[in-house]
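Working notes, structure below.
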There are 4 protein chains.
Amino acid sequence: VGGGLEHFFETRQLTERLCEPLETEDYGLQAMANTSPAKWHLAHTTWFFETFILSPFCPGYRPFHPAFEHLFNSYYNGVGKPYPRDQRGLLSRPGVEEVYRYRAYVDAAMAELLSAPGDGEADIRRRTELGCHHEQQHQELLLTDLKYCWFQNPLYPVYTPLNGDGTGDSGTMDWLPLVAGVRSIGARADEADGQDSFCFDNELPRHRQYIEASELADGLVTNAEFMAFIEDDGYRRPELWLADGWAACEARRGDMDRAAPLYWLRENGQWLEYTLHGLLPLAPHRPVCHVSAYEADAYARWAGCRLPTEFEWEVASAGWGHDAAANGAGQFLGRDQLHPLSAAGSAPADRLLGRAWQWTSSAYAPYPGFRTAAGAIGEYNGKFMANQLVLRGGSCVTSRSHYRDSYRNFFYPPDQWQFTGIRLAREPA
Amino acid sequence: VGGGLEHFFETRQLTERLCEPLETEDYGLQAMANTSPAKWHLAHTTWFFETFILSPFCPGYRPFHPAFEHLFNSYYNGVGKPYPRDQRGLLSRPGVEEVYRYRAYVDAAMAELLSAPGDGEADIRRRTELGCHHEQQHQELLLTDLKYCWFQNPLYPVYTPLNGDGTGDSGTMDWLPLVAGVRSIGARADEADGQDSFCFDNELPRHRQYIEASELADGLVTNAEFMAFIEDDGYRRPELWLADGWAACEARRGDMDRAAPLYWLRENGQWLEYTLHGLLPLAPHRPVCHVSAYEADAYARWAGCRLPTEFEWEVASAGWGHDAAANGAGQFLGRDQLHPLSAAGSAPADRLLGRAWQWTSSAYAPYPGFRTAAGAIGEYNGKFMANQLVLRGGSCVTSRSHYRDSYRNFFYPPDQWQFTGIRLAREPA
Amino acid sequence: VGGGLEHFFETRQLTERLCEPLETEDYGLQAMANTSPAKWHLAHTTWFFETFILSPFCPGYRPFHPAFEHLFNSYYNGVGKPYPRDQRGLLSRPGVEEVYRYRAYVDAAMAELLSAPGDGEADIRRRTELGCHHEQQHQELLLTDLKYCWFQNPLYPVYTPLNGDGTGDSGTMDWLPLVAGVRSIGARADEADGQDSFCFDNELPRHRQYIEASELADGLVTNAEFMAFIEDDGYRRPELWLADGWAACEARRGDMDRAAPLYWLRENGQWLEYTLHGLLPLAPHRPVCHVSAYEADAYARWAGCRLPTEFEWEVASAGWGHDAAANGAGQFLGRDQLHPLSAAGSAPADRLLGRAWQWTSSAYAPYPGFRTAAGAIGEYNGKFMANQLVLRGGSCVTSRSHYRDSYRNFFYPPDQWQFTGIRLAREPA
Amino acid sequence: VGGGLEHFFETRQLTERLCEPLETEDYGLQAMANTSPAKWHLAHTTWFFETFILSPFCPGYRPFHPAFEHLFNSYYNGVGKPYPRDQRGLLSRPGVEEVYRYRAYVDAAMAELLSAPGDGEADIRRRTELGCHHEQQHQELLLTDLKYCWFQNPLYPVYTPLNGDGTGDSGTMDWLPLVAGVRSIGARADEADGQDSFCFDNELPRHRQYIEASELADGLVTNAEFMAFIEDDGYRRPELWLADGWAACEARRGDMDRAAPLYWLRENGQWLEYTLHGLLPLAPHRPVCHVSAYEADAYARWAGCRLPTEFEWEVASAGWGHDAAANGAGQFLGRDQLHPLSAAGSAPADRLLGRAWQWTSSAYAPYPGFRTAAGAIGEYNGKFMANQLVLRGGSCVTSRSHYRDSYRNFFYPPDQWQFTGIRLAREPA
C-alpha cells in the first residue's frame with residue numbers, strides 16, 4: 001500500500017544497503033556542484049521526512065539536531081536558505097555514524113507515526129509515498145554521483161566486481177511505427193490520488209497531444225555504433241551539431257580524449273570505460289551511455305535520424321511500465337549489474353527499459369493545466385521547468401518500482417554523469 | 001515580387017538609413033558578445049549576398065576583399081572558421097567608408113545579376129528574398145545592439161529625439177478565449193515556394209497541434225503593472241521564480257538597482273528608462289520591455305497566470321499578419337517611434353503586434369518533419385534549436401514587412417537586450 | 001643530531017599526534033586549492049622520505065604503492081606530473097588507515113637506513129633533516145588548512161577546547177630603534193653544513209644589506225587596535241590601500257561582513273572569531289591575525305607607519321632564535337593554545353615570536369648568489385620566488401624547533417588563511 | 001625650463017602627431033582591460049591638466065564638460081569613482097573631434113595660466129612638469145596599446161612603413177663588471193626640486209644599497225638567441241621556470257603558437273613578428289621583445305644567468321642618462337623606427353637604452369623613507385607598489401627626454417604588451 005510502513009522501510013534500507021561498499025572516506029566526496037556526497041544523500045532524504053511529515057504532523061516531535069534543517073535542505077527556499085550546494089563536500093561533521101543515527105531516529109519516529117497516523121492520515125501517507133519516491137531518486141543519484149567522484153581518482157575504485165560480462169551481441173535493431181493522431185499523455189488522474197499508484201506532479205494533468213506519424217527504434221544505440229560516429233570524425237564536423245553543442249566541443253579541444261562519452265578513456269590505443277565495476281575494456285554491444293543531449297543529437301543527425309519527443313516515446317511504450325512491474329521486463333537496479341547490459345533477442349520493453357535514460361528532444365515544460373502543490377513541497381518539480389530536457393526509460397541504477405510509463409526525468413543538455421543513452425526516431429519512409 | 005530588385009534595394013537602403021544618426025565612432029561598439037557593431041551588421045548582411053548568391057551564381061564574380069569572407073562570416077562553419085564573435089568590436093579596419101564601398105560594390109553586382117539572372121533564377125530569387133529577410137533581422141539587431149552599447153555610456157546618447165510622448169493610458173486589458181482542439185500550426189507550404197510570400201525554414205512544415213482550452217490577454221503588461229510586482233517584493237520572493245531565474249537574481253544581489261528590467265534606473269527616488277530617445281522618466285502605460293524570460297515568467301506567476309505556448313499564441317492571432325500588412329495594425333519600426341507605445345482603445349492585433357516581442361513558454365524546437373537546407377545555408381536556423389525560447393509578435397524595431405503569423409523569433413531565457421515583453425495566459429475559469 | 005633517528009621519529013610522531021582530534025571524515029577536506037587535506041599532508045610528507053631518500057639511497061627498496069609517487073607529489077615536476085592540486089580532496093582512496101600503514105612502512109625503512117646509512121650517509125642525513133623540516137612546515141599547514149575547511153561548516157567544529165582565555169592585557173607597545181649601516185643577512189654558512197643546525201637554501205648565502213635607520217614595534221597589533229581601524233572606516237577609504245588591495249576590497253563589497261580579518265563574524269552586533277578552540281568572542285588584547293598583506297599594509301598606513309622590510313626585521317631580532325630555543329621565548333606550537341595569546345609585560349622576543357607571522361614589505365626573492373640544489377629537490381624553494389612576500393617570526397602553530405633568526409616564510413599578498421599578523425615600522429622621528 | 005610653455009606645447013603636440021596615422025575608427029579600440037583607447041589617452045592626459053592645475057589654480061575656470069571628470073579619471077579615487085577601466089572602449093561619445101576640442105580648450109587655458117601663473121607659480125610649474133611627464137608615459141602606452149589592439153585584426157594594420165630594415169648584425173655581447181660596495185640609488189634631491197630636472201616621487205629618496213659583485217651584459221638578448229631557447233624546448237621544461245610562470249605556460253598549452261613572445265606567429269614554417277611596421281619576417285639580430293618577466297627569467301636560467309636587480313642596473317649605467325640627452329646615445333622614440341633595432345658595434349649605453357625595457361628581478365617597492373604627495377595626486381605611483389617588477393632602460397617608443405638614470409618603470413610579471421626585453425646578469429666567475 002502506498003505510503004505504508006513496508007514500502008517505507010524497504011526504501012530506507014535499500015539506501016543503506018547501497019552504501020555498504022563505501023569506506024567512511026567515500027561518503028564525503030563531491031567532485032562537482034552537480035554531485036552530492038553519499039552522506040548528504042543519506043541525510044537529505046531523512047530531512048525530507050523530518051521536515052515535511054514529522055515536524056508538521058507529529059505533535060511534540062523534536063528534530064534530531066537544530067542545524068540539520070539548514071544543512072540538509074537541498075533547494076526548498078520555503079524552508080529557509082539552503083546550505084550552498086557546491087560546498088556539501090565540506091561538511092565533515094556530522095560524521096557518517098551520526099548521520100546513520102539521524103536516519104534511525106527519524107525512522108523510529110516515522111514508524112510510530114505510520115502505525116497510528118491519526119487525523120492527517122491521508123496527507124501523511126501521500127507525503128510518505130512522495131518521500132519514498134524522492135529517496136529512490138536519491139538512490140540513483142548516490143550511485144551516479146559516486147561514480148563521477150571516483151572517476152577523478154587514478155586508482156579507479158571498484159564498487160562491486162563485474163559479475164558476468166554483459167557483452168553479448170545486441171542483436172538487430174528494428175523500427176516501431178507510430179500512427180498519427182490525438183493521444184493522451186501523462187499519468188491517469190486516479191494514479192495521483194490512489195494509494196496503489198503514485199506519480200509526481202509533473203506527470204499531470206493527463207492531457208491530449210497530436211502526434212504525427214513516425215518510427216522509433218526498438219533498442220538503444222550501442223558503443224560500437226557510437227564508435228563508428230567517432231571514427232567518421234563525428235566530433236570534428238560542425239554540421240552534425242547544435243550550435244551550443246559545437247561550442248561545448250570547441251571548448252574542450254586540445255583535450256581530444258574528451259571527444260567521446262564521459263568515462264571513455266583511450267590507453268595505448270585501446271578504449272576503456274570506467275564503470276561501477278571498475279575500468280573495463282569498452283564492450284561493443286553494450287548500450288552507449290553518459291552522452292550529453294548534444295552528443296545524442298549529433299549522433300542521431302549523423303545516422304540520418306533524430307531524437308524522439310517525449311510524447312512519441314510515451315505513446316510508443318504504452319503498457320511497458322506494467323510489463324516491467326508484472327513481468328520483469330527491462331534491466332533496472334540490481335546489486336550485481338550496475339552498467340547497461342547488451343540486449344540481444346529481447347522484446348522492445350526489455351531492450352529499452354532500465355538500461356540507460358533516453359534523451360528526448362522535448363523541453364521539460366509544464367503539461368497544460370499543471371499546478372504545483374502549496375508550500376515548500378511545491379518546489380519539488382515545477383521550478384526546474386527551464387533549460388532542461390526530458391529523458392525517458394529508466395536506467396540500470398533506477399529502482400524497478402520507481403518506473404512508470406508517464407515518468408519524466410530531466411537534465412540539462414550538457415549533462416553526462418547520469419546513465420544517459422540514445423534511442424533514435426525518424427520520419428516514416 | 002519576392003527576391004526582386006525593388007525589395008532588395010528598399011531593404012538595403014533602409015539599413016543605411018538606420019545608420020544616419022550614427023557617428024563614425026559609434027559603428028564599432030560591441031559591449032557584449034551578444035551584440036555586434038553596426039559596421040559589422042552592414043558588412044555581414046553584404047557578405048550574405050556575396051557568399052550565397054554572387055559567388056556561386058555570378059560567373060567571374062570577384063569578391064570585394066579576400067579577407068572579408070572570414071571577417072564577416074557570422075556562424076556558418078560550412079564557409080570556414082568565423083572570426084571570433086566576441087571580438088567583432090576590435091576590427092577598426094576596414095573602416096566605415098570601406099564598408100559602405102563594399103555594400104555599393106555588392107549592390108551593383110546584385111543589381112546586374114537580378115536584372116538578368118539566367119539559369120539559376122529560381123534559386124537566385126529565393127536566396128535574394130532570404131537575404132532581404134536576413135538583413136531585416138540585422139536591422140532590428142543593429143538598433144537593439146546599439147541601444148545596449150550606448151547604455152554603457154554615462155552620456156546616454158540619443159538616437160532620435162522623442163516625438164510625442166506615447167504615454168497615453170493603455171486602457172483595460174481583456175481575455176481572448178481559446179477553444180480546445182486540433183489546430184494547424186506553421187506556414188502554409190505554398191508560402192515557402194511562392195514568390196509573393198516568404199517564410200523561414202523553421203516555420204515549416206505546417207502541422208497539427210492539439211490545443212487545450214485557455215485564455216490569452218489581449219494586450220501587453222505595462223510598466224505600471226510590472227512596477228507593482230517590484231513593489232510587492234517580486235524580486236525577493238523565490239517562490240515566484242524558476243530555479244534558474246532565481247539563481248540569476250541571487251547572482252546580482254548587492255546591485256539591487258538591477259532588480260528591474262534592463263534599462264531601468266532609479267535616480268533620486270525616481271525611475272528612469274533608457275530608450276533610443278534618450279533617458280526618459282518611466283512611462284507607466286507603455287508596455288514593459290527588456291525583461292528576461294525568467295522575469296516574464298515570475299511576473300506571470302505573481303499575477304496568477306502563466307506565459308502562453310507559441311501554439312496558443314499563433315492560434316489566437318490567426319489573420320493578424322494580414323491585418324498588419326493590409327490595414328497597418330500594430331506599431332512596428334518607424335523612424336520616429338523606437339519604443340513601445342501605450343495602446344488604449346486599439347484592437348488586439350494593434351495592441352500586440354510590433355510593440356514588444358512576447359516570451360512564450362515554448363522551447364525553440366523543430367516542427368515535426370523539419371528539414372534544413374543542404375550546405376552552409378542550412379545553418380541559418382536549425383542549429384540554434386537548443387536552450388532557447390520562442391518569442392512572437394514583433395517589436396517596435398521590427399519591419400512591418402518582416403512579420404507574419406507563423407513567425408518564430410528565439411532568444412535565451414536570460415536575454416534582456418531585445419525589446420521583449422509579456423503577454424499573459426491562463427486556464428479558463 | 002641533525003638527520004638523526006630521534007629527531008626523525010619525534011617529528012613523525014608529532015604529525016600523527018596533531019591528527020588525534022580528527023574524525024576519519026575530517027581527513028579528506030579541501031575547501032580551496034590552497035589548502036590540502038590532512039590525509040594528503042600525512043602521505044605527502046611520507047612521500048618526501050620515500051622519493052628523496054629511500055628510493056635513491058636504499059638499494060632494493062620497494063615503494064609502498066606504485067601510484068603514490070604520482071598521487072602524493074606536490075609540485076616536483078622533476079619527479080613526474082603531480083596529481084592536480086585542487087583535486088586532492090577527491091582522493092577518498094587510499095583511506096586513512098592505508099595512509100597510516102604507508103607512514104609505518106616508510107618509517108620502518110627509514111629507521112633501518114638511518115641505523116646503518118652506509119656510503120651516502122652525509123646526503124642521507126642532510127636530506128633526512130630537510131625532510132623533518134619539510135614535515136614541520138606541513139604540520140603547520142595541516143592545522144591552518146583544517147581551520148579553513150572547518151570554518152565552512154556552520155557547526156564550527158572544535159579542535160581542542162580553550163584552556164584559559166589568553167585575553168590578558170597586551171601592555172604598552174614600544175619602539176625598537178635600528179641604526180643605519182651595512183649588516184649581514186641570512187644564515188651562517190656553517191649552519192647549512194653542520195649537523196647541529198639547519199637552514200633552507202633560501203636563507204643563503206649570508207650577504208650584506210645596507211639598512212637605513214628606522215624603528216620597529218616591539219609587539220604585534222591587537223584585535224582592539226585593528227577594530228579601531230575598521231571603525232574609522234578603514235575598509236572604505238581607498239587612500240589607505242594599495243591599488244591591488246583596494247580592488248580586492250571592492251570585489252567583495254555587498255558582503256561587508258568580510259570587511260574584517262578572515263574568521264571574524266559579526267552576530268547580533270557582537271564580534272566573534274573562529275579559532276581552533278571554536279567560535280569565541282573576539283578577544284581585544286590578542287594579536288590580530290588572518291589578515292592579508294593588503295590589510296596589514298592599509299592598517300600600517302592608517303596608523304602613520306609602514307611594514308618593516310625583512311632585513312630590518314632580521315637585524316632587529318638578532319639572537320632571538322637562540323632565546324627561543326634556549327630560554328623558551330615566544331609562544332609557538334603547543335597542544336592547548338592554538339591561537340595567539342596576548343602578551344603583556346613580556347620581552348620583545350617573547351611578544352613577537354611564535355604568535356603570528358608578520359608580513360614584511362619585502363618580496364620573496366633570491367639572496368645575491370642564491371643557488372638551488374641539483375635535481376627535483378631544487379624545486380623546494382627557489383621556483384616560488386615570484387609574487388610572494390616574506391613573513392617573519394613564526395606563529396602559534398609553528399614548532400619551536402623549526403624557528404631560527406634567518407627563517408623566511410612566504411605567501412601571496414591576498415592570503416589570509418595562515419596565522420598572519422602585523423608588526424609596524426616607521427622612520428625615526 | 002621645467003613646467004614651461006615650450007615643453008608643455010612640445011609634449012601636447014607630440015601626442016597628437018603620434019595619432020596622425022590613425023583612422024577615426026582606431027581611436028576607440030580596447031582589446032583588453034590593460035590597454036586604453038587612443039581617444040582615452042588623448043582625453044585623460046588633458047583631464048590631468050584640467051583636474052590638477054586648471055581647476056585648483058585658475059580662478060573661474062569652467063571645465064569643458066561636466067561629465068569628463070568622471071569619464072576620463074583613470075584611477076584617482078580622491079577625485080571620485082573612475083569610469084570602469086575595462087569599458088573605456090565603449091565610450092563612442094564624446095567623439096574624436098570633441099576630444100580634440102577638449103584638448104584645445106585646455107591648452108588655451110594652460111597657455112594663459114602659464115603666461116601669468118601668479119601666486120601658485122611654483123606649484124603650477126611643478127604640476128605642469130609632472131603633467132608633461134605623465135603625458136609622455138601615455139604617449140608610450142598609446143602606441144603599445146594600439147599595437148596590441150591592431151594585432152587582433154587579421155588585416156594587421158601598418159602604423160608606418162618600415163624605413164630600412166634594422167636587422168644588421170648585433171655584434172658580440174660582453175660583460176660589464178660590478179664591484180661590491182655601498183652605492184647611492186635614486187634621484188638626487190635637487191633633481192626633484194629644480195626646474196631643470198624632474199623625477200617621479202618613486203625615484204626618491206636617494207638612499208644607499210649594498211651591492212654584491214656581479215657582471216651585467218652590455219647588450220640585449222636577440223631574437224636569434226631567444227629562438228635557440230625555444231628550439232631547446234625552453235617552453236616545455238618546467239625546471240627553467242618560476243612556478244607561477246610555468247602555470248601560465250600550462251594554461252595555454254594546446255595553443256603552442258603562443259609558446260613564444262607575444263606577436264610572434266609561425267606561418268608555413270616561417271616565423272613572423274607583428275610590429276608597428278606591419279607583419280615582418282622575424283629579424284634574428286633585433287633584440288627580443290614583448291616577453292613576460294617569466295619568459296625573461298626562464299631564458300636567463302636556461303642561459304646559466306639571472307636577471308639583474310634594479311640596483312645593479314642603476315649602478316652599472318650611471319651617467320648614461322646624460323649620455324642619452326647630450327650625445328644621443330640609445331634609440332628612443334622616433335617617427336620612423338618603432339621597433340628595437342639591432343645594435344652592432346655600439347657603446348653599451350647605445351645598445352641598452354631606448355630599445356626595449358629590461359625586466360629586473362626587483363619588486364617595485366618604496367625606497368626607504370618614500371612619501372607620497374598629499375591629496376589625489378599622491379595616488380600617482382605609490383599605490384601600485386605591490387605585485388609588480390621594476391623595468392629599466394626605456395624603449396623604442398619612450399621619449400628620449402623622458403628618460404633618466406633613476407627612472408623606474410613597472411609592470412606585472414605576466415605582462416607582455418610593452419616593449420619588454422632581456423638583459424642578463426651573472427655572478428663573477
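In this text, all values refer to a predicted model and were calculated from it rather than measured experimentally. Labels below follow one simple rule: chain letters A, B, ... track the order of the sequence lines, proteins then strands, and each chain is numbered from 1. Every heavy atom of this structure was used, including side-chain atoms; hydrogens, water molecules and symmetry mates were not.
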Next item on the list: Sort out for me which of C:L91, C:L90, C:V96 touches chain A most, counting heavy-atom pairs under 4.5 Å.
Entry: C:L90
Notebook entry, point to check: What part of C:Q87 gets closer than 4.5 Å to chain A, counting heavy atoms only: side chain, backbone, both or neither?
Noted result: side chain
Note to self: Using the salt bridge (Lys or Arg N to Asp or Glu O under 4.0 Å) criterion, which residues pair with A:E20? Sequence neighbours excluded.
What the structure shows: A:R335
Check: Side-chain contact, heavy-atom cut-off 4.5 Å: C:S92 with A:L22?
Finding: no
Checklist line | Residues, nucleotides or ligands: over 12 heavy atoms within 6.0 Å of C:E16 CD | finding: yes
Note to self: At a 4.5 Å cut-off on heavy atoms, which part of C:L155 comes close to chain A: side chain, backbone, both, or neither?
What the structure shows: side chain
Checklist line | Contact check, side chains of C:Q152 and A:Y83, non-hydrogen atoms, under 4.5 Å | finding: yes
Note to self: Using only non-hydrogen atoms and a strict under-4.5 angstrom cutoff, which residues of residues 24-35 of chain C touch chain A?
What the structure shows: C:T24, C:E25, C:D26, C:L29, C:Q30, C:A31
Item checked: Neighbours of chain C found in residues 64-81 of chain A - heavy atoms under 4.5 Å -> A:H65, A:A67, A:H70, A:L71
Margin query: Looking at every heavy atom in both C:R93 and A:P21, which two are closest together, and how far apart are they?
Written below: NH2-O, 3.8 Å
Note to self: Within residues 99-110 of chain A, which residues come under 4.5 Å of chain C, heavy atom to heavy atom?
What the structure shows: none
Next item on the list: Identify which part of C:P94 has an atom lying under 4.5 Å from any heavy atom of chain A, answering side chain, backbone, both or neither.
Entry: both
